[in-house]
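Quick caveat, the model's predicted, so the values are computed rather than measured. Proteins come first, then strands; the chains are lettered A, B, ... in the order of their sequence lines, and each starts at number 1.
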Amino acid sequence: MEKISVAEARREDAIGREVLLQGWVRTRRDSKGGFSFLEINDGSCLGNIQVVADGTLPNYESEVKRLTTGCSVAVEGVVRASPGREQPTEVYATRVTVYGWADPETYPLQKKRHSYEFLRTIAHLRPRTNSFGAVTRVRNAVCFSIHRFFQEEGFLYIHTPIITASDCEGAGAMFRVTTLDPATQQRLDDAADFFGRRTYLTVSGQLEAEAYACAVGKVYTFGPTFRAENSNTTRHLAEFWMVEPEAAFFDLEDNMNLAERFLKRIFRDVLEQCPEDMEFFNRWVDNTVIETLRQIIESEFVRLTYTEAIEILKKSGETFEFPVEWGRDLQAEHERFLTEKHFRRPVILTDYPRQIKPFYMRLNDDEKTVRAMDVLVPRVGEIIGGSQREERLDVLERRMEEMGLNKQNYWWYIDLRRFGTVPHSGFGLGLERALQFITGMGNIRDVIPFPRTPGSAEF
RNA sequence: UCCCCGGUAGCUCAGCAGGUAGAGCGAGCGGCUGUUAACCGCUAGGUCCCAGGUUCGAGCCCUGGCCGGGGAGCCA
């Protein structure tokens with residue numbers, strides 16, 4: 001008797017083996033022929049294993065026939081070829097043990113489809129559904145693929161701080177971190193606080209990653225980031241996961257090549273590793289996701305400058321709600337036009353006007369634009385944002401002054417240019433945005449286990 | 001934060017020109033079947049989001065909240 005997963009038991013090479021299966025009942029169908037069918041799922045794959053529980057089991061009447069959706073069980077039995085059409089194998093049970101019951105009168109999950117809105121209110125139980133099981137497996141595959149890609153490319157995985165005193169300017173509002181009690185201390189005294197200064201949850205590990213890139217060459221961070229923006233959309237979370245590679249001696253060209261290789265690698269891996277889950281998304285969520293990913297893997301990303309994009313938008317003849325004008329940031333509608341209508345594939349925009357980008361991006365010789373790059377994809381919009389960093393001490397300091405930043409707060413960052421400075425580049429990928437794109441899920445709250453959004457931190 | 005839309009049974013929703021609450025699914029029970037979103041019958045189940053107001057009478061109209069969804073801005 002060996003303990004195996006549902007995924008293993010569903011494979012034909014399991015036929016004939018005596019096994020132990022453990023999982024949760026999805027549904028039970030009785031046959032008055034004196035036996036029951038149990039569908040068992042353990043999360044190892046999308047599909048269930050069909051268990052045939054015969055009436056001769058000692059606990060058949062007392063327990064097996066009382067099993068309902070959500071009950072947890074152990075099944076010992078033999079894997080056989082299934083005469084049914086829906087599954088290659090089934091398990092003929094020699095023993096069924098109940099771990100825990102799930103009162104059908106109060107158990108919220110039924111064996112029919114639920115709305116995502118409802119499932120969000122039971123985020124602790126929604127991983128037991130097909131949809132969220134699939135999201136969970138795809139998310140895992142993507143994370144693994146991210147690590148594999150960077151490891152193979154020679155990047156070192158580094159850990160940048162979660163609690164930070166530095167503001168990666170332009171990245172949005174921050175959460176304060178303090179041990180002071182606002183109820184008893186009317187005015188929060190930074191010097192008296194735990195760290196002796198004002199601290200926040202990180203909005204980006206980029207600045208710290210640059211320090212390591214400027215020492216060990218190629219690095220990446222992959223961790224949680226926090227934004228206190230009061231934005232309520234299908235594409236924003238207050239807590240999300242971000243991948244941020246940073247590489248010394250990389251110019252923007254190298255950076256774009258890395259980003260393109262990176263995305264293609266993730267998409268290819270997910271199609272390979274999670275075919276069943278991807279079929280599920282393609283069937284029930286968005287019937288274009290698989291084809292879209294395949295096309296992207298095959299095609300080359302379009303690359304053009306911000307200035308060229310403005311020209312295309314102006315000549316498009318489209319009527320936009322927001323005006324298209326050089327020097328203004330592109331709106332969601334503009335990005336969508338480029339990726340969904342004009343090019344119909346991912347687009348990398350580069351060389352944005354300096355005034356709409358942060359201080360650390362490298363200034364071009366025209367003095368008007370910076371070496372920024374945004375990777376835009378259909379439906380989701382900006383999925384990657386990055387740049388070649390400003391490595392020239394004098395230019396960096398000048399730009400900080402222009403933007404009214406206090407240079408003392410960035411003394412260590414400036415040091416990286418003062419001592420042995422090198423050209424370097426990096427970018428950030430929002431993990432959940434990538435997952436939205438891959439799975440077709442419409443709301444970012446449904447691709448992270450326990451979403452944090454303004455006014456909502458249950459669970 | 002702004003603009004729309006919504007909140008009725010466990011879930012998804014319907015509800016008439018304001019007249020006192022319904023369906024499907026789910027659940028319970030029974031029937032039938034190597035079944036597979038099973039099928040057939042019966043039964044139970046509701047502070048119609050909350051608080052005011054108008055009215056003989058409010059799920060429906062008005063006011064103010066709360067919650068959810070979509071879009072926008074900001075961004076990843």
Side-chain angles (χ1 to χ4, degrees), chain A residues 26-40 47-54 65-66 68-70 80-87 90 92 102-122 129-130 168 170-173 203-206 224-244 284 320-322 328-333 335-336 356-358 374-377 380-386 427-437 442-448 453-456 458:
Chain A
R26 283 293 178 80
T27 177
R28 188 195 83 233
R29 295 180 294 272
D30 296 329
S31 166
K32 267 296 186 304
F35 56 96
S36 297
F37 297 101
L38 303 175
E39 296 273 348
I40 308 295
N48 308 318
I49 186 75
Q50 172 164 290
V51 171
V52 181
D54 196 78
K65 285 197 72 179
R66 289 173 48 222
T68 53
T69 306
R80 307 189 309 195
S82 176
R85 282 197 203 128
E86 308 291 319
Q87 61 279 323
E90 63 187 22
Y92 190 84
D103 178 7
E105 294 285 355
T106 53
Y107 187 61
L109 291 175
Q110 305 168 358
K111 52 187 179 184
K112 60 165 200 147
R113 286 187 82 178
H114 290 287
S115 68
Y116 292 125
E117 290 79 12
F118 171 66
L119 291 173
R120 266 171 230 148
T121 68
I122 49 168
T129 64
N130 287 337
C168 192
V203 292
S204 165
Q206 180 199 316
T225 46
F226 308 87
R227 303 281 167 91
E229 297 288 351
N230 186 15
S231 51
N232 246 301
T233 80
T234 55
R235 302 180 306 285
H236 289 84
L237 291 166
E239 177 183 293
F240 64 99
W241 287 66
M242 191 153 61
V243 185
E244 295 176 285
W284 298 105
F320 295 111
E321 188 185 341
F322 292 89
R328 284 170 174 260
D329 212 348
L330 296 182
Q331 303 297 313
E333 56 174 344
E335 296 179 350
R336 294 186 74 128
I356 58 172
K357 289 291 180 185
D374 282 0
V375 181
L376 312 177
V377 294
V380 173
E382 183 182 340
I383 197 172
I384 279 179
F427 62 79
L429 169 89
L431 176 67
E432 286 77 15
R433 292 260 176 101
L435 285 167
Q436 271 189 285
F437 182 69
N443 195 313
I444 199 166
R445 291 161 212 174
D446 298 328
V447 295
I448 188 168
T453 52
S456 171
E458 190 77 43

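Checking B/A38, B/C74, B/G24 against the side-chain heavy atoms of A/K112 singles out B/G24 as nearest. The listed nucleotides are B/C11, B/G71, B/C74; the one nearest the side chain of A/F118 is B/C11. Checking B/U36, B/G68, B/U1 against every side-chain atom of A/N230, the shortest atom distance belongs to B/U1. In the set B/A27, B/G10, B/C75, the nucleotide with an atom closest to the side chain of A/E105 is B/A27. Minimum atom distance to the side chain of A/T234 is reached by B/G71, of the listed B/G69, B/G71, B/U35. Side-chain atoms of A/R29 lie closest to B/A38 of the nucleotides B/C75, B/A38, B/G70. For A/D30, the side-chain atoms get nearest to B/U33 when compared with the rest of B/A27, B/U33, B/U35. Side-chain atoms of A/S31 lie closest to B/G34 of the nucleotides B/A27, B/G73, B/G34. Out of B/G69, B/C75, B/U36, the shortest distance to the side chain of A/E86 is found at B/U36. Taking every side-chain heavy atom of A/A332 into account, B/G73 is the closest of B/G73, B/G34, B/U36.
Partners of A/R113 according to the side-chain hydrogen bond (donor to acceptor under 3.5 Å, both in side chains) rule, which considers only residues two or more places apart in sequence or in another chain, do not exist here.
Between A/F35 and A/F37, the ring-plane angle classifies as perpendicular under the 30° and 60° cut-offs.
Counting to the nearest Å, the C1' atom of B/A9 and the NE2 atom of A/H114 are 15 Å from each other.
Checking the phosphate oxygens (OP1, OP2) of B/C75, no side-chain nitrogen or oxygen of A/S231 falls inside 4.0 Å. Residue A/Q331 has a polar side-chain atom (N or O) positioned under 4.0 Å from OP1 or OP2 of B/G73. Close to B/U35, at under 4.0 Å from its OP1 or OP2, lies no side-chain N or O of A/R28. OP1 or OP2 of B/A38 sits under 4.0 Å from a side-chain N or O of A/K111. The side chain of A/N232 contributes no N or O atom lying less than 4.0 Å from OP1 or OP2 of B/C2.
Pair assignment for B/A51 gives B/U63, based on Watson-Crick or G-U wobble hydrogen-bonding distances that are each under 3.5 Å.
Comparing A/R113 and A/T68 by the nucleotide of RNA chain B that holds the closest heavy atom to each, the one mapping nearer the 5' end is A/R113.
For B/G34, its base sits under 3.5 Å from the side chain of A/E90 at one donor and acceptor pair at least.
For the side chain to side chain donor-acceptor pair (under 3.5 Å) criterion with A/E39, the lone passing option out of A/R28, A/K111, A/R29, A/R26 is A/R29.
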